[in-house]
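Read the structure below first, then the notes.
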Protein chains: 2
Amino acid sequence: MNSREAKTQRGGTELGTQTGRALLSVREMLFRGDFQPGERISELPMVARLGVSRTPIRLALDRLAHEGLLEVSPSGGFVVRSFTLADIWDAIEMRGVLEGTGARLAAERLGHDRELTELRQCFEEMNAYLGPVSSIDSFARYLDLNDAFHAAVIRLAKSPMLQRSLDQVLTLPFAQPSAVVFARAKLPEAAEMFAIGQEHHRVILDAIEHRQGARAEAAAREHSGLSRRILKTVLDDREILSCVPGASLIRMPAVV
Amino acid sequence: MNSREAKTQRGGTELGTQTGRALLSVREMLFRGDFQPGERISELPMVARLGVSRTPIRLALDRLAHEGLLEVSPSGGFVVRSFTLADIWDAIEMRGVLEGTGARLAAERLGHDRELTELRQCFEEMNAYLGPVSSIDSFARYLDLNDAFHAAVIRLAKSPMLQRSLDQVLTLPFAQPSAVVFARAKLPEAAEMFAIGQEHHRVILDAIEHRQGARAEAAAREHSGLSRRILKTVLDDREILSCVPGASLIRMPAVV
DNA sequence: CATCGCATACATGTATACAATCAAATAAAG
DNA sequence: CTTTATTTGATTGTATACATGTATGCGATG
């Protein structure tokens with residue numbers, strides 16, 4: 001788990017300070033479902049729970065509010081935000097748009113062929129994990145490779161603003177590519193899903209390599225559509241859903 | 001000026017508290033060019049300058065860092081961020097992508113025809129300002145209408161994540177639609193530029209009305225391309241450039 | 001019995017005091 | 001004269017104390 005968090009832009013810089021620890025702790029508590037949607041987050045209980053003063057906690061809560069996981073109460077303070085299904089579809093659609101744009105820009109702005117090295121390595125190594133259902137740590141390795149592939153595409157887009165926008169979208173845990181991939185393993189159609197996803201990766205890589213911007217964009221967009229389909233299936237199965245981090249923040253309609 | 005600021009989402013809620021005032025003050029100081037790019041923003045001088053304590057100032061600086069106008073120094077504290085020309089083109093291109101997506105979604109998700117009322121009002125009223133070069137306050141009115149038109153399109157997209165992403169892009173002052181429109185008035189080709197921009201508005205409105213998603217997206221994308229062309233012209237004229245808020249944050253190459 | 005008003009308790013927003021870390025300047029040694 | 005080590009200064013990060021505003025519970029009154 002730690003290796004996956006350390007890879008993100010935030011993880012590295014924010015450790016070593018009380019504010020950073022508080023931020024990571026509260027975010028993890030939110031994803032784990034320690035609080036209910038709409039619940040008020042008071043600072044003093046956090047002081048008792050985390051062992052840090054109010055000031056860093058306030059900083060952390062403010063940043064989480066900017067990230068969209070909390071919202072400011074009109075009377076002051078913060079409450080846990082709740083997400084509707086529409087929010088989730090919206091986030092995934094936006095991820096498709098942004099990653100599609102990233103793939104297109106990567107194709108259009110590709111300089112030396114050397115830049116594709118990391119992308120090719122991720123793709124080849126993921127191929128090895130396709131055949132037999134492997135152990136749990138090799139599965140985690142697959143998730144890392146998946147994230148690395150997507151991150152590499154965005155890096156090739158050479159667009160800081162695109163990076164920022166996508167980072168913001170990915171703060172919603174269920175919008176992350178690995179979120180649905182995580183649940184994919186428990187589905188009956190797991191093998192086919194993995195194959196289709198990897199085929200998308202192949203097309204994206206090939207399109208970028210041959211500087212086919214429109215094709216790369218379409219493939220990346222389709223790839224997010226796969227996430228959408230999988231999540232749709234997952235939402236019907238509460239046991240699988242519990243594997244997705246942050247699932248407790250989803251306000252389900254008509255809970256039986 | 002105040003009316004334009006009050007319209008944004010931030011302006012309303014953040015007034016009435018010291019943190020909000022500090023945030024608005026520092027942001028305005030940054031846009032006005034009170035600090036040079038790369039300059040360190042210390043807290044104590046801010047205390048003396050704004051008359052508020054360190055805590056709200058720290059909160060405000062933290063939020064400005066999240067907005068992208070400041071960046072955290074590795075040794076702690078904040079420094080004024082500098083923007084390259086590449087950053088500006090990047091931001092404008094992302095604005096084109098996002099507004100294009102917004103226009104497409106608006107066309108695809110249009111419900112009752114009644115939803116177009118505000119868009120039509122903005123468009124019609126902007127037509128009135130096209131002919132003779134009017135006074136300075138009617139020009140400000142045109143800016144408001146322009147912003148309102150763009151905001152209305154995004155609202156019709158019914159996508160909170162798109163709204164958030166676009167808000168983040170628009171934190172860069174020169175990426176805002178009104179920024180270049182502001183400079184447009186001083187250009188020799190002003191009249192033609194206004195006409196072309198308004199023609200774009202017409203196509204966007206017409207495409208949304210007839211639920212032509214691809215056409216709406218293309219028109220909106222082209223509209224941001226117009227911003228890009230205008231800004232390219234403006235960048236050659238330092239006198240006009242000084243009218244654009246936040247221009248001092250741009251790191252110009254090869255300053256003669 | 002319901003409703004309005006008041007008081008109390010609590011939570012947030014702000015200010016300030018303290019500590020640790022980083023930077024620069026100065027002095028000493030090679 | 002240069003380089004390095006040490007000291008000093010300042011600035012950030014953190015903790016806590018204070019004040020203001022809000023919500024809740026109790027009592028009084030219609």
Side-chain angles (χ1 to χ4, degrees), chain A residues 9-30 34-81, chain B residues 9-30 34-81:
Chain A
Q9 178 187 350
R10 286 183 294 271
T13 48
E14 287 176 354
L15 214 54
T17 169
Q18 297 285 68
T19 304
R21 274 188 288 274
L23 179 59
L24 262 60
S25 298
V26 178
R27 187 155 42 195
E28 187 180 339
M29 289 159 73
L30 284 171
D34 289 9
F35 307 104
Q36 288 190 351
E39 183 178 346
R40 189 188 191 87
I41 300 288
S42 289
E43 298 171 1
L44 277 73
M46 281 296 165
V47 170
R49 199 161 171 179
L50 298 182
V52 298
S53 174
R54 273 186 59 202
T55 310
I57 287 179
R58 168 172 287 268
L59 263 299
L61 295 182
D62 200 76
R63 294 176 77 154
L64 285 171
H66 259 217
E67 288 184 8
L69 271 64
L70 301 178
E71 47 187 6
V72 294
S73 172
S75 66
F78 303 91
V79 297
V80 180
R81 182 173 161 195
Chain B
Q9 178 186 351
R10 287 185 292 272
T13 48
E14 287 176 355
L15 215 53
T17 170
Q18 298 286 66
T19 303
R21 273 187 288 273
L23 179 60
L24 263 58
S25 298
V26 178
R27 189 156 40 198
E28 186 180 339
M29 289 159 74
L30 284 170
D34 289 9
F35 307 104
Q36 289 191 350
E39 183 178 348
R40 188 187 192 87
I41 300 289
S42 291
E43 298 172 2
L44 276 74
M46 281 295 165
V47 170
R49 199 159 170 179
L50 298 181
V52 298
S53 172
R54 274 186 60 203
T55 310
I57 287 179
R58 168 172 289 268
L59 264 298
L61 295 182
D62 200 75
R63 294 176 77 155
L64 285 171
H66 259 220
E67 288 183 8
L69 270 64
L70 301 179
E71 47 187 5
V72 295
S73 172
S75 66
F78 304 91
V79 297
V80 179
R81 184 174 159 197

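Predicted model, so just to flag it, every value in this text is computed and none were measured. To find a chain, count down the sequence lines: A is the first, B the second, and so on, and within it residues start at 1.
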- request: Report the residues that fulfil salt bridge (charged side-chain N to carboxylate O under 4.0 Å, His left out) with A/Arg49, sequence neighbours left out, ordered by chain and then residue number.
  value: A/Asp34
query: Does the side chain of A/Ser75 get closer than 4.0 angstrom to OP1 or OP2 of D/dG21 through an N or O atom?
result: no
query: Does B/Thr19 place a side-chain N or O at less than 4.0 Å from the phosphate oxygens OP1/OP2 of C/dG13?
result: no
Once rounded to the nearest 0.5 Å, what's the spacing between atom [atom1] of [X] and atom [atom2] of [Y]?
X: B/Arg40; Y: B/Leu70; atom1: CZ; atom2: CG; value: 12.0 Å
X: A/Leu59; Y: A/Thr19; atom1: CG; atom2: OG1; value: 4.5 Å
X: B/Leu61; Y: B/His66; atom1: CG; atom2: NE2; value: 12.5 Å

message: What residues from residues 34-41 of chain A pass a heavy-atom cutoff of under 4.0 Å to DNA chain C?
response: A/Arg40, A/Ile41
message: With heavy-atom distances below 4.5 Å as the criterion, would you say the side chains of A/Val26 and A/Leu50 are in contact?
response: yes
task: Find out whether A/Leu44 and A/Arg54 are in side-chain contact, i.e. whether some heavy atom of one side chain is under 4.5 Å from a heavy atom of the other.
output: yes
All N/O contacts under 3.5 Å from nucleotides 15-20 of chain D to the protein, with atom names and distances to one decimal?
unit_1: D/dA15; atom_1: OP1; unit_2: A/Gln18; atom_2: NE2; d: 3.3
unit_1: D/dA15; atom_1: OP2; unit_2: A/Ser53; atom_2: N; d: 2.8
unit_1: D/dA15; atom_1: N7; unit_2: A/Thr55; atom_2: OG1; d: 3.0
unit_1: D/dT16; atom_1: O4; unit_2: A/Thr55; atom_2: OG1; d: 3.3

To the nearest Å, how far apart are [X] [atom1] and [N] [atom2]?
X: A/Leu44; N: C/dA9; atom1: CG; atom2: C1'; answer: 13 Å
X: A/Ile57; N: D/dT14; atom1: CD1; atom2: P; answer: 11 Å
X: A/Asp62; N: C/dG13; atom1: CG; atom2: P; answer: 9 Å

query: Run the side-chain contact (heavy atoms from CB on, under 4.5 Å) check on B/Arg21 and B/Val52 step by step: do they pass?
result: CA-CA 9 Å; B/Arg21 273 187 288 273; B/Val52 298; 5.8 Å; no
- request: Give the intermediate values and the outcome of side-chain contact (heavy atoms from CB on, under 4.5 Å) for residues A/Leu64 and A/Phe78.
  value: CA-CA 10 Å; A/Leu64 285 171; A/Phe78 303 91; over 6 Å; no
task: Name the closest nucleotide to the B/Ser42 side chain, picking from D/dT14, C/dT14, D/dT11.
output: D/dT11
